[in-house]
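Just below is one structure, and these are the notes that go with it.
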Amino acid sequence: MQNHEYYMAHALRLAEKGLWTTEPNPRVGCVLVKDGRIVGEGWHQRAGESHAEIHALKAAGEQARGATAYVTLEPCCHHGRTPPCTQALINAGVTQVIAAMEDPNPQVAGQGLQQLQAARIDTLSGVLQAQAEALNPGFIKRMREGRPYVRAKMAMSLDGRTAMASGESQWITGAAARQDVQTLRARSSAIVTGIGTVLTDDPSMTVRASDLPLHLEQPESLRQPLRVIVDANLSMPVHAKMLSLPGKTLVFTATDDLDMQEDLREAGAEVVYLPSREGYVDFVAMYQQLAEREVNEVHLEAGANLAGAMLQAQLVDEVMIYMSPTLMGDKARGLFHLPHLEQLEQRLHLDITDMRAVGQDWRISARVLYNV
C-alpha cells in the first residue's frame, strides 16, 4: 500500500534541519523506502557538501537497490559544487523517485525527472508541494523572479506603536519574542535595515547561537547573515559596532562621493553605489543585486519610513509582527509610514497565515496581498 504523504512528510522534517545552514542552496530532505520500511534518510546540511539524496543513499547502502526515493525537491541533474544526484540514484538502482516539487532552477526545471525517466525509473511530482514550497520561499522567489523573498519584522504595542516620539524603542516586546526573532534572522541570507536605525540604535545585526534551539554539531560555526544598510546619503559611521563584528556589512548608497565611500571601505564595509531614484536608493536594483549574490531570504528590520517605502514599492512578501500587551499613546511612532494611502479603498490587504503567543507577546504572520 502506497503512503506517499507519510514518507514525504518525514522527508520534509529532515529538510527543515537545514533551515539555518544550507544557504544559498535550498533545504532538501530525502527518504529511501523499501518493502514498507525506511532503509536510508538524509538532508542537505551545507552548501558545497553532499545533497540529501547522497546522504540517504550512503545510509541505505545495498538496500537502495529497488527502493523508492522520496525527495522534497526534484533531484539535480547538473554538475555544480557536487555531481548530479540523478546519476547517483540511477547507479544505486532506485526504481521510483517521488518529488514534492520540480526544481525552479532553470538548470534543472524538470530535466532531472526526465533524466530519471529515460533510465526507466518511475517518477511522480507534486506530493505535499505546498509544504515543500513553504520551506524554501527565498530560493523559489530568486529562481522564478530574480529577487529575494522579503520578510519584514516589526514590533509594536497593542495600539500599533513602534517607538516613543523621542525614538525610544528598547524594548517593546519581551525576551521570548526577541529570542524568536533570532530564529528568523538565522534562516535569512541577509538582514536589511536603514541608516536611521543604525544612527539611533547602533545595532549588531547578528545571530546569537545561544538563543537558537540548535541541533547543530558546531553552533559556533553558525553562518552570520549578510548585513545590509540602506544609506542614500552615506551617513554610515565608520565606528559603527557592526563593522567590527564577524560577518560582512554591505552599504547601498545613492551618493557617488568616492572619498566617503573609501572611508567606509577602510572601516570594513563594502559600498555599492546605485543611481538615485527620486533621492533614494533604488530598492528594485538593490534586491536584484542581492539576488545576484545568491541571497534567498531577506530579513527586514527597519523603521516606519523604510518599511513603508518597501511596502509601497511592493517589495515586501511577508510581515511578522510581534505585538506586546501595552499601550504607548497617540504621540508614539506608527508601524508603517504610508502617506500615499488616503482612501479606504487604497488600504493594503494581508492574509494572516499564523497567530500565536510568544511569551507575553503575540506573533502575527501574514502575506502581503498587492493589487487586491
**Residue pair Asn91 / Gln87, side-chain donor-acceptor N/O under 3.5 Å** = yes
**Item:** Side-chain H-bond candidate by donor/acceptor type, Arg37 with Gln63, under 3.5 Å
**Value:** yes
**Asked** So, does Thr162 use its side chain to make a donor-acceptor pair with the main chain of Ala155 at under 3.5 Å?
**Response** no
**Asked** So His4 and Tyr70, would you call those rings parallel, tilted or perpendicular, with 30° and 60° as cut-offs?
**Response** tilted
**Prompt:** Within 45° of the ring axis of Trp171 and under 6.0 Å from its six-membered ring centre, is that where the NZ or CZ of Arg178 lies?
**Reply:** yes
**Message:** Looking only at the side chains, is there a donor atom on one of Tyr149 and Glu318 sitting less than 3.5 Å from an acceptor on the other?
**Reply:** yes
**Request:** Return yes if a side-chain donor-acceptor contact under 3.5 Å exists between Gln346 and Glu342, otherwise no.
**Result:** no
**Request:** Taking Asn136 for its side chain and Ile140 for its backbone only, find out whether a donor-acceptor pair lies under 3.5 Å.
**Result:** no
**Message:** Side chains of Ser189 and Glu23: any donor to acceptor distance under 3.5 Å?
**Reply:** yes
**Asked** Do Ser324 and Thr326 have side-chain atoms, one donor and one acceptor, less than 3.5 Å apart?
**Response** yes
**Complete:** Exactly one candidate in Val181, Thr197, Asp201 meets side chain to side chain contact (heavy atoms under 4.5 Å, CB included) with Glu301; the answer is Val181
**Request:** Verify the distance criterion only: is there a donor paired with an acceptor across the side chains of Glu102 and Ser125 at less than 3.5 Å?
**Result:** no
**Request:** Please lay out, stage by stage, how Val31 and Leu14 fare under the test side chain to side chain contact (heavy atoms under 4.5 Å, CB included).
**Result:** CA-CA 9 Å; Val31 174; Leu14 291 171; 3.7 Å; yes
